[in-house]
Number of protein chains: 2
Amino acid sequence: MKNLKVLIVEDSVIFSEGLRLILEQHASINKVYLAHNFNDTLDILIAASIDVIFLDLNFETSDYDGFIIAKKIKELYSDIKIIVLTQHARIYIYEKLFNECKVDAYLDKQLGAEDMFFAIEQVINNEKYVDRNISEILEIEQWLKISKREGEVILLLMDGLVQKEIAFKLNISPKTVEKHIFNLMKKFKVKNSVELITKYMRYINGNRENLAGEISFP
Amino acid sequence: MKNLKVLIVEDSVIFSEGLRLILEQHASINKVYLAHNFNDTLDILIAASIDVIFLDLNFETSDYDGFIIAKKIKELYSDIKIIVLTQHARIYIYEKLFNECKVDAYLDKQLGAEDMFFAIEQVINNEKYVDRNISEILEIEQWLKISKREGEVILLLMDGLVQKEIAFKLNISPKTVEKHIFNLMKKFKVKNSVELITKYMRYINGNRENLAGEISFP
DNA sequence: CATAAAATACGGGAATACCCCTATTGTAGC
DNA sequence: GCTACAATAGGGGTATTCCCGTATTTTATG
């Protein structure tokens with residue numbers, strides 16, 4: 001746990017410079033590298049023997065994202081620890097990250113220096129780590145228990161498909177689709193599918209309570 | 001346009017450190033101060049003669065926000081220029097900022113150093129400034145032209161009220177409510193009210209295109 | 001003050017959603 | 001291996017939404 005080489009993969013110049021500054025102050029950290037895109041990331045990995053990567057999920061381009069980058073890195077350099085930074089934690093992202101991409105930590109961007117150092121300590125000791133902000137959100141999601149099928153139905157519903165169309169797409173009976181939507185409405189304690197989508201999206205988009213309330217129209 | 005004193009009011013330590021680093025590199029900037037809350041902000045304003053403030057809108061606490069801070073600063077020190085930083089531009093925020101809070105610029109956080117410097121140049125020359133990313137979003141919103149009544153209807157619809165209930169609440173006929181929803185669906189080019197709400201919320205919550213598409217359920 | 005746009009209101013019919021119910025099959029946890 | 005629960009399927013009735021009209025009043029904007 002010393003002389004660590006850290007790489008920050010993040011397209012916001014300002015955020016990455018700030019993170020670099022904070023990381024450089026830590027005794028265990030030898031050097032901090034920055035990459036603002038996928039190509040730079042791969043170049044740095046060839047040139048330097050990186051120990052830990054801080055990885056953002058969202059990039060300006062749609063050619064790649066944090067998931068793709070994480071998978072590629074773990075494929076090429078399985079020893080490198082990956083700490084994913086996020087703005088809004090989601091359980092489906094959490095699961096994709098740990099099961100599919102094999103990352104080592106999932107951290108809220110809003111957190112401060114100590115949390116970043118603690119995360120590094122954890123992953124260097126081969127521990128998986130999820131910060132407390134994110135754990136909280138994941139617990140709520142777990143509690144809601146949206147099944148795989150229900151998840152598929154709600155996504156198609158959001159795309160504007162009617163029950164019959166959803167049924168055709170999933171190759172099940174319209175009555176089954178109706179049942180799934182009905183069950184979801186009970187879980188979310190709502191009266192109709194419009195309210196279901198509202199609640200679901202508020203929740204997906206980071207639980208910003210009643211944003212709609214402050215809207216004033218022209 | 002020299003020896004400027006700049007204050008960054010922003011609760012994310014990492015982002016503000018990054019911004020400070022970038023601003024300090026500019027020849028015109030004398031000193032960069034940081035404040036992570038409202039109290040520190042007021043203290044610094046008393047101690048130093050600040051020229052330009054970079055202000056974030058969202059803070060951890062709900063005691064105050066960027067709007068409140070901006071109003072107070074302009075009330076106390078009307079000469080200080082305020083540049084608001086945002087993650088997701090919205091027209092109702094834009095209007096509140098410029099009409100009510102009298103701020104000087106509205107900037108996307110994702111932008112780089114040159115854009116920050118350009119914004120400073122503009123406000124120092126008494127010009128109001130909105131960056132191109134934000135302008136684009138505002139144009140789309142203007143183009144959509146959601147009327148006051150339509151706005152009220154869509155908010156109640158999101159709350160799970162059916163057309164009859166919305167009509168009662170707004171003291172208009174259910175048929176009129178139906179018409180408003182119908183018109184909104186045409187504006188948003190969607191097939192039903194569920195899809196209307198989905199598109200509307202995606203758009204309110206920052207235009208993250210097809211977030212739903214990447215979701216995979218357990 | 002004129003003209004456009006928004007808000008108001010209503011009708012009718014087809015499609016869809018909602019809500020109660022039962023019932024079978026597969027599968028994950030104890 | 002038992003037990004829950006998810007996923008499947010369906011009946012039948014009522015409520016609501018959606019889509020096509022038309023038409024009057026109110027409110028902005030030039």
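Every chain is numbered from 1, with letters handed out A, B, ... down the list of sequences. For clarity, every value in this text was computed on a predicted model and none was experimentally measured. The analysis underlying the following values was restricted to heavy atoms, covering all of them including side chains, and did not include hydrogens, waters or symmetry mates.
Overall bending of the helix from dC1(C)-dG30(D) to dA28(C)-dT3(D), expressed as the angle between end axes built from five pairs apiece, is 80° (10° steps).
One finds the CG atom of Asp115(A) at 9.0 Å from the CD1 atom of Ile14(B) (value rounded to the nearest 0.5 Å). Atom CD1 of Ile8(B) sits about 8.5 Å away from atom CD of Glu10(B), to the nearest 0.5 Å.
Between Ser173(A) and the phosphate of dG10(D), there is a side-chain N or O to OP1/OP2 separation shorter than 4.0 Å. The side chain of Thr176(A) contributes an N or O atom lying less than 4.0 Å from OP1 or OP2 of dA9(D). For the pair His180(A) and dT8(D), the criterion of a side-chain N or O lying under 4.0 Å from OP1 or OP2 is met.
Here dA17(C) presents its P atom at 13 Å from CG of Leu196(A), a figure rounded to the nearest Å. Counting to the nearest Å, the C1' atom of dA6(D) and the NZ atom of Lys186(A) are 13 Å from each other. Rounded to an integer number of Å, the gap from Leu170(A) CG to dT8(D) C1' is 12 Å. In this structure, Ile166(B) places its CD1 atom 13 Å from P of dT8(C), rounding to the nearest Å. In this entry the distance linking CD1 of Ile172(B) with P of dA6(C) reads 15 Å, nearest Å. We find that CD of Glu150(A) is positioned 10 Å from C1' of dA7(D), with the value rounded to whole Å.
Between Tyr129(A) and Phe118(A), the distance from one ring center to the other falls under 6.0 angstrom. For Phe15(B) and Phe15(A), the ring centers are positioned 6.0 Å apart or more.
Partners of Lys5(B) according to the side-chain hydrogen bond (donor to acceptor under 3.5 Å, both in side chains) rule, which considers only residues two or more places apart in sequence or in another chain, do not exist here. Every side-chain hydrogen bond (donor to acceptor under 3.5 Å, both in side chains) that Asn126(B) has, sequence neighbours left out, goes to Lys81(B). With sequence neighbours excluded, no residue satisfies salt bridge (charged side-chain N to carboxylate O under 4.0 Å, His left out) with Asp51(B).
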Handout entry: Nucleotide-resolved protein contact map, nucleotides 13-29 of chain D, B/S/- at heavy-atom distance under 4.0 Å
Key = ---SSBB----------
Would you mind writing out the side-chain donor-acceptor pairs for residues 175-184 of chain A within the sub-3.5 Å range, not counting sequence neighbours?
{"unit_1": "Lys175(A)", "atom_1": "NZ", "unit_2": "Glu178(A)", "atom_2": "OE1", "d": "3.4"}
{"unit_1": "Asn183(A)", "atom_1": "ND2", "unit_2": "Lys179(A)", "atom_2": "O", "d": "3.4"}

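Aromatic ring orientation, Phe117(B) versus His26(B): tilted (interplanar angle from 30° to 60°).
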